[in-house]
J.: 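Just dropping this structure here.
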Amino acid sequence: MTDSQTAAQRIAQLRSELDAHNYRYYVLDEPSVPDAEYDRLFRELKALEEEHPDLVSAESPTQRVGGAAAAAFGEVRHEVPMLSLGNAFEEQDLLDFDRRVREGLADQLPAGDLFGGGAEVEYSCEPKLDGLAVSLLYENGRLTRGATRGDGSTGEDISANVRTVRNIPLRLQGEGWPAVLEVRGEVYMSKAGFDALNARQMESGGKTFANPRNAAAGSLRQLDPKITASRPLEFCAYGFGRVEGGSLPDTQVGILEAFKAWGVPISRELKRVQGVAGCQAYYADIGERRDSLAYEIDGVVFKVNRIDFQRELGFRAREPRWAVAHKFPAREELTELLDVEFQVGRTGAVTPVARLKPVQVAGVTVSNATLHNMDEVARLGLMIGDTVIIRRAGDVIPQVMQVVSERRPADARPVRVPEHCPVCGSQVERTQLVKRAKGRESVSEGAIYRCVGRLFCQAQLKQSIIHFVSRRAMDIDGLGDKIVEQLVDKGLVKSPADLFTLTYEQVVELEGFADLSTRNLLSAIADSRRPSLARFIYALGIPDVGEETAKLLARALGSLARIERALPEVLTYLPDVGAEVAYEIHNFFADEHNRKVIEQLLDETHGIALQEEGELAAEFAACATLADFIAKLDIAGIAATGAKKLAESAGDLEGIVALSQDWLTLSVSKALNEKAKQSLRDYFADPQRVARARAIEAQLREFGMHWQSERKVAEGLPLAGQTWVLTGTLEAMSRDVAKDKLESLGAKVAGSVSAKTHCVVAGPGAGSKLAKAQELGVAVMDEEGLLALLAAHGLSA
Ligand code: IVH
């Protein structure tokens, strides 16, 4: 055997193995090997094909990347026209359809009973995917052509593009397929694929799509198939066109099942039912699950299952008499943008809200929609008076998707941010994005506008209090939003501190309060007086500081005093704290008004006693190196490597400052190149910079940092560097509490299991996470094991 013969054999073997994996993955939904194994086979095939270009074939799984771009699409005539479907909007439309079917088949169906009930027709039920119809021609089992529907009789030749769709088989598998088989179906984009694509487009400044349907159509009709290849398209078969040199099963469901056996993906929701009652139940079931399906559907399709009955019924105009699309209520509607108002949130962010001409969307009247921020308004190109497409799906807030620019009236007005807060009249300022690099600050305009009124602004005050008392913050039971509003409106609460001086007489006067409820609320407030440091920090509502960051600050720095004083540069040594968050934290505590509120909260009158940890976490003390410190100073030309060399040769900050001023030693130093030497001199020639660097270093030392040559993360904590997952129910404590405890031992607690997971704690009722852990060979322990572990480290449940 020659070398190329053995290569040809191996190539054939790899292709059929990859095809089989693809089939299990895309058609059966049961992946057979881990992705890594698939990738390995794929790479081997690719390498072999590169070595033997003569053995490359169009059907190879490697050929899905898209070939050369075309100047225009060719035309394809559909020998069997591609028709559309009649719609049923109301239940009555469906009943009428079924009646017409039964009348049309009167001769074939068994006679009805004495009570007038006719015989039932068997239907095939399928979801109506919202994408675009495509015809795939297989000749001798090979995909030879792909076409769009076009006007039904002539479509566009998109052969090169359909070949890039991962789940469209390039060869049919199994046996029994007709020599010529035209498969018809829908190319669509899953909701997740759509979101990912739009995020990618947004990042790269490309065009975003209004919905998955547009995204699918826009992606498939690309003259450059490489673009199509990069888009997350999928195919689902629902019918057939030309069939020659063989035959298909004699029912719709039978045909789709044969397709599946031949490797052509079909819907997982395909179902055969009896009579119109079966259709109604299917419609209700899919309607209920509409939001949890991975893709958008706009209805379901019912087809007479027997193909001979379909032939008997035939067509009327361009619609089959044997099928109907039963539509779901639309999720997108057109309406008019009457105005844009501005709402003020907890952090003072002034956000635009669309006031719409009321319109029914998916059964609900919509008159408001969120616009997020002014960048979104600009992206949409929105003007007041515009006709807009709005969308409401599931329990998501209605969204403005698109402007119908052709309908813009002559008197349309631009959207303007108010100069003064609509609630308190304070100045509204545009936030600035401060970028710090190379020791310099550069400022650019942000997308967010803020009312500067803070707690003087009733809107911010209300939201701040609502956040302050919420379950994961101070956890004051019985202080709902409506009560907070009353307290603020009546002027009883002007800052969070005022909650702690509320009197019986004040509360009992509130709407809905009586003796018992008043005493309950006051005791709930009193009970909240000993929060953990982390909860307290979270409750303060520092912009960008969520629960996790609050926990981190509390654990790492151990006391409120240290958090208040921490320099922003020092905060950036904490894992996951970037410069922006660090400055938010610093600015919050630098603010005089905020300081006053905190001081009040902690004074004797208000009586909050923080449960501080007091100690600095070892993980923090050990997380910096001198080289990091130098690199973070952002001296031009001195990055990681230069900083490391400098740290090694100079030993500490004073050594570096001295070196920068000692021209002679510096000029012979081998640690840096000429440019870096010059910028080091320039940097420390500025006394302010020297002072700042010293201040940072001093604080790092004060906070327990000790320079060392190697980074040792969280070395002091027993579970440092480990990722744990909690699943199922725990009895001795809630999952939240268990999470806190594990974190206090240095572990990271994650929501999903991967090969990197250190251990899974599984309580009763554990399901897929436990299964995954077992599959990956990750250690599993029960609650008893967890309790023992905690006890071993001095923690109780
Ligand atoms: S059958 C002659 N089945 O809906 C029958 N169509 O409104 C032709 N569609 O152009 C179509 N899912 O793009 C059929 N399960 C399904 C479908 C489906 C989506 C689309 C298809 C067609 C349009 C008709």
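We count ligands from 1, going down the list as the structure has it; atoms in each ligand are counted the same way. Counting begins at 1 with the first residue of the sequence.
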J.: Tell me which part of Ala133 gets within contact of ligand 1: side chain, backbone, both or neither, using heavy atoms under 4.0 Å.
T.: both
J.: Looking at Asp224 and Lys226, is any side-chain nitrogen of the basic one under 4.0 Å from a carboxylate oxygen of the acidic one?
T.: no
J.: Can you tell me the protein heavy atom closest to atom 8 (C) of ligand 1 and the distance?
T.: Leu83 O, 3.7 Å
J.: Would you mind telling me if ligand 1 is within reach of the side chain of Ala323, the backbone, both or neither, using heavy atoms under 4.0 Å?
T.: neither
J.: Any heavy atom of Pro320 closer to ligand 1 than 4.0 angstrom?
T.: yes
J.: For ligand 1, which atoms, with element, lie under 4.0 Å from some heavy atom of Pro127?
T.: 12 (N), 15 (N)
J.: Are Leu770 and Val753 packed together at the side-chain level, in the sense that at least one heavy-atom pair is separated by less than 4.5 angstrom?
T.: no
J.: Could you tell me whether Phe97 and Phe302 have their ring centroids closer than 6.0 angstrom?
T.: no
J.: Closer than 4.0 Å to some heavy atom of Leu129 - which atoms of ligand 1 meet that?
T.: 12 (N), 19 (C)
J.: Given Gln252, which partner from the list Arg272, Glu126, Glu122, Glu257 fulfils the side chain to side chain donor-acceptor pair (under 3.5 Å) test?
T.: Glu126
J.: For atom 3 (N) of ligand 1, state which one of Glu186, Lys128, Gln310, Lys303 supplies the nearest heavy atom.
T.: Lys303
J.: What protein heavy atom sits nearest atom 22 (C) of ligand 1, and how far off is it?
T.: Tyr238 OH, 3.8 Å
J.: If you compare all heavy atoms of Leu356 against all heavy atoms of Ala369, which two are closest, and at what distance to 0.1 Å?
T.: CD1-CB, 3.9 Å
J.: Can you see which heavy atom on Gln222 is nearest to which on Asn161, and at what distance?
T.: O-ND2, 2.7 Å
J.: Heavy-atom distances under 4.0 Å are what count here, so tell me which part of Leu85 touches ligand 1: side chain, backbone, both or neither.
T.: both
